[in-house]
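Report on one structure; see the data block that follows.
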Amino acid sequence: MTQQRALQALGRLKVGQMNKTEAAYAATLAQRQHAGEVAGFKFEGLKSRLADNTFYTPDFAVMLADGALEAHEVKGHWQDDARAKIKIAADMYPWRFVAVRVKAKKDGGGWALEEF
């Protein structure tokens, strides 16, 4: 098994490398940017300190056209620690935190959003 395949089997890729769902969402953000809704976005562009030696890095830092900053977390499946971290970060920092999940085709496709 290759190293990348082993990392994918664990559900993790190297830092700075998008999985397929994150890449699909990046394409959606690029479309929104082209439409003028998003001023810009960066993959793993924010790192927030939650406590000593505890950090939260959302998948995307997104600046909307009006200048508002959002942290977008793309998830296929939530683990308890990830949900706890985004909730703690949302309580500590003044920007909007959004969880993004793929909607099933039977439900119309696209993205389901959950704000924290």
Side-chain angles (χ1 to χ4, degrees):
M1 185 182 288
T2 67
Q3 182 180 6
Q4 181 173 356
R5 197 169 181 111
L7 290 171
Q8 287 173 330
L10 292 173
R12 297 178 184 94
L13 296 172
K14 291 180 182 176
V15 172
Q17 189 173 1
M18 289 185 219
N19 64 34
K20 289 179 183 178
T21 306
E22 291 163 345
Y25 188 66
T28 297
L29 289 173
Q31 290 172 345
R32 290 183 63 198
Q33 185 175 17
H34 183 73
E37 298 171 24
V38 168
F41 63 95
K42 174 120 174 82
F43 180 68
E44 296 181 348
L46 289 173
K47 185 174 185 176
S48 305
R49 179 184 300 273
L50 303 181
D52 288 344
N53 298 316
T54 305
F55 297 89
Y56 170 67
T57 303
D59 293 319
F60 293 94
V62 179
M63 179 158 299
L64 301 179
D66 66 2
L69 182 62
E70 296 184 344
H72 291 203
E73 183 69 34
V74 180
K75 288 290 183 199
H77 169 73
W78 278 102
Q79 293 181 342
D80 289 341
D81 65 326
R83 186 171 280 281
K85 279 187 172 184
I86 195 171
K87 286 180 177 181
I88 292 165
D91 285 341
M92 292 177 68
Y93 291 93
W95 46 84
R96 184 173 176 227
F97 288 80
V98 180
V100 181
R101 287 183 345 139
V102 176
K103 285 174 55 177
K105 288 183 182 181
K106 66 178 182 160
D107 297 326
W111 302 97
L113 306 178
E114 178 183 0
E115 187 174 344
F116 289 87

- Where at least one partner belongs to residues 92-114, residue pairs that pass side-chain hydrogen bond (donor to acceptor under 3.5 Å, both in side chains), sequence neighbours excluded: T28-W111, E70-R96, R83-E114, R96-E115
- Query: Are F97 and L69 connected, step by step, through hydrophobic side chains (Ile, Leu, Val, Met, Phe, Trp, Tyr) whose heavy atoms are closer than 4.5 Å?
  - Reply: yes
- How long is the span from the CD1 atom in I88 to the OG atom in S48, to the nearest 0.5 Å? 12.0 Å
Show me the donor-acceptor pairs within less than 3.5 Å that the side chains of residues 51-64 make with the rest of the protein, sequence neighbours left out.
unit_1, atom_1, unit_2, atom_2, d
T54, OG1, D52, O, 3.3
Y56, OH, E73, OE1, 2.8
D59, OD2, V74, N, 2.7

- Sequence neighbours left out, what passes salt bridge (Lys or Arg N to Asp or Glu O under 4.0 Å) with K85? Give chain and number order. none
- Task: Step through the shown structure and confirm whether more than 12 heavy atoms of other residues, nucleotides or ligands are within 6.0 Å of CG on D66.
- Result: yes
- Message: Membership question, hydrophobic clusters at under 4.5 Å side-chain separation (ILVMFWY): are V102 and W78 in the same one?
- Response: no
Using a 3.5 Å cut-off and no angle test, enumerate the donor-acceptor pairs between side-chain atoms of residues 29-42 and protein atoms at least two apart in sequence or in another chain.
unit_1, atom_1, unit_2, atom_2, d
R32, NE, E37, OE1, 2.9
Q33, NE2, A39, O, 3.1

- Determine whether V100 and I86 fall in the same hydrophobic cluster, where Ile, Leu, Val, Met, Phe, Trp and Tyr are linked whenever their side-chain heavy atoms lie under 4.5 Å apart. no
